[in-house]
Asker: 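Just dropping this structure here.
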Protein chains: 2
Amino acid sequence: MTKPAAITLLAWDRLLGAGARALRAARAELKRAGLPPLEWYDILVALERRGAMRPRDLQGVLGIEQYNLSRLLSRMERAGLVTVAPCPGDARGQIVTLTPAGAQRRAAMWPAYAAAIHGSIEARLEPDERIQLAGMLERVA
Amino acid sequence: MTKPAAITLLAWDRLLGAGARALRAARAELKRAGLPPLEWYDILVALERRGAMRPRDLQGVLGIEQYNLSRLLSRMERAGLVTVAPCPGDARGQIVTLTPAGAQRRAAMWPAYAAAIHGSIEARLEPDERIQLAGMLERVA
DNA sequence: TCTGATTTGATGCGGCGGCATCGATCGGCA
DNA sequence: TGCCGATCGATGCCGCCGCATCAAATCAGA
C-alpha cells in the first residue's frame, strides 16, 4: 500500500462530503413535509416498478441488510404501505405487495425528493457535466 | 418544481450509491483491523493538524451535530485518545487535546483507511479523471 | 450594575442499525 | 424415505443517532 495521491484524497473527501450533504438535504426535505424516511422510498419504488416480490429479492435489488429490511418492512406494513403475505410454494418466504396507500405515499414523497435532487445536482451542474459525473461515479461504484 | 432530467436522476443514484459503497468499504477495512470507527479518524486528524481546540470549533470544522460530537468525545476520552479539560477564560467551554495514544491510534488507522481510499478511487480512476471528479463534486457540495 | 438573551455543552428518551443467533423450511443425496 | 446442510426471515441485545431540553456561563444593552 503506497500512500494515495493528494488528488485521490481530495476526490475521496469530496465524495463523502457531497454524498453526506445530498443525503441530509433529501432527508430534511422529506421531514419538513412530514413524509416517511428516505429508505422507504426505494422500497416503494422497487415494488411499484418490479411488482410484488420476496424480501430476499428486494434485498438484492436494494443492497440492504437482511435484518434491516425485515424491520423496515415491519414498519411499512404497520403504516399500511405494504402487505406481507405467506409465499405460495415456499412456506419460509413471503410476498411483499404494495398497497394503494403505499403507491399514493410514494407519489406524495416524490416532489420533496425531486426538490432535493434538483437542488443538489441539477441546479449545480450543466447537463454534460452530469453525464461525466454519472460516468465517473459508475466506475467508482 | 419540474421533474429532474433522467441524467440528473442517474447522477443522483450513482452519487448515493458510490458514497454508500465507499463508506462501507472504509468501515469494513477498519473493523477488519480492529480499529476505531471511521468517525473518530476525522476528529483525530483535525486535532493533529490544527491543534487542541474547543468542541464548538471542532463542530464547525467537521460539520457534525453538537450532541453527537459531545458523545463522540466522551467515548474517545474513555478510550484515552483525547483529553477534555476546562477552558481557561470561558468556564462553559472545554479544550480537547490529542493524547500521544490518540496520535498513535490515528497513525494506526491510516493504512486501513488508505487501503479503502485506494480501492475505491485510485484503482478505479485515472489521475485526470480524479481531478474532474473532485471538481464536479465540489460544485455539488 | 442588573437583567434577559445567547452560547456552550450534557443528557433522557425513543428509534434505528449491526451482530449474532434462532426456528422453520427447503433441497439434495444416499 | 430419511437426514443434513443451506436458505429464509425474525429477534434479543447493545450501541449510536436525532430530538428536545436543561443548566451553567457569558454577553449585550438599558
Asker: Regarding D/dT7, can its base be found pairing with the side chain of A/Arg92 as donor and acceptor, where the two atoms are less than 3.5 Å apart?
Answerer: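 Check passes, donor-acceptor contact within cut-off.
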Asker: For the pair made of CZ in B/Arg56 and P in C/dA10, what is the distance, rounded to whole Å?
Answerer: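 Computing the B/Arg56:CZ to C/dA10:P distance gives 13 Å.
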Asker: For a quick test of reading the model: is some side-chain N or O of B/Ser70 closer than 4.0 Å to OP1 or OP2 of C/dG9?
Answerer: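 No, outside the criterion.
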Asker: Can you check the A/Asn68 CG to C/dA20 P distance for me, whole Å?
Answerer: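 One finds 16 Å between P of C/dA20 and CG of A/Asn68, rounded.
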Asker: Where the side chain of B/Arg130 meets the backbone of B/Leu125, is there a donor-acceptor pair that is under 3.5 Å apart?
Answerer: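 A pair under 3.5 Å: yes.
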Asker: Measure from CD1 on B/Ile64 to C1' on D/dG18 and round the result to the nearest Å.
Answerer: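 Answer to the nearest Å: 13 Å.
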Asker: Taking A/Asp57 first and then A/Arg50, would you say they form a salt bridge - that is, a charged N and a carboxylate O separated by under 4.0 Å?
Answerer: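 Judged by the 4.0 Å cut-off on N to carboxylate O distance, A/Asp57 and A/Arg50 do not form a salt bridge.
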Asker: Starting at the 5' end of DNA chain C and moving along, which residue's nearest nucleotide shows up first, A/Ala91 or A/Glu65?
Answerer: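 Mapping each residue to its closest nucleotide by heavy atoms, the 5'-most match is A/Glu65.
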Asker: Could you pick out which residue, A/Pro37 or B/Gln94, lies toward the 5' side of DNA chain C when each is mapped onto its nearest nucleotide?
Answerer: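 Upstream on the strand: B/Gln94.
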Asker: When you match A/Lys31 and A/Val84 each to their closest nucleotide on DNA chain D, which lands nearer the 5' end?
Answerer: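 Final value for this comparison: A/Val84.
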Asker: Please give, in whole Å, the distance from D/dC17 P to B/Gln66 CD?
Answerer: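 So the CD-P distance, B/Gln66 to D/dC17, works out to 13 Å.
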Asker: Rounded to the nearest angstrom, tell me the gap between atom OH in B/Tyr67 and atom P in D/dT21.
Answerer: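 Rounded to whole Å, this separation is 14 Å.
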Asker: Under 3.5 Å, is there any donor-acceptor pair linking the side chain of A/Arg71 to the base of C/dG18?
Answerer: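 Per atom types, the contact qualifies.
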Asker: Using atom CG of B/Leu73 as one end and atom C1' of C/dT11 as the other, report the distance to the nearest whole Å.
Answerer: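 The answer, rounded to whole Å, is 15 Å.
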Asker: Okay, side chain of B/Arg27, backbone of B/Pro37: is any donor-acceptor separation there less than 3.5 Å?
Answerer: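 Between the backbone of B/Pro37 and the side chain of B/Arg27 there is no qualifying donor-acceptor contact (under 3.5 Å).
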Asker: What's the separation between atom OG in A/Ser120 and atom CD in A/Glu29, rounded to the nearest 0.5 Å?
Answerer: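 Between A/Ser120 OG and A/Glu29 CD, I get 9.0 Å after rounding to 0.5 Å.
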Asker: Is it true that a side-chain atom of B/Glu122 and a backbone atom of A/Ala5 form a donor plus acceptor pair closer than 3.5 Å?
Answerer: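 It does hold such a pair.
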Asker: Rounded to the nearest Å, what distance is computed from the CZ atom of residue A/Arg54 to the C1' atom of nucleotide D/dA10?
Answerer: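 So the two atoms are 15 Å apart, to the nearest Å.
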Asker: Would you kindly give the CD-to-P distance between A/Glu39 and D/dG18, to the nearest whole Å?
Answerer: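 Interatomic distance, CD of A/Glu39 to P of D/dG18: 12 Å.
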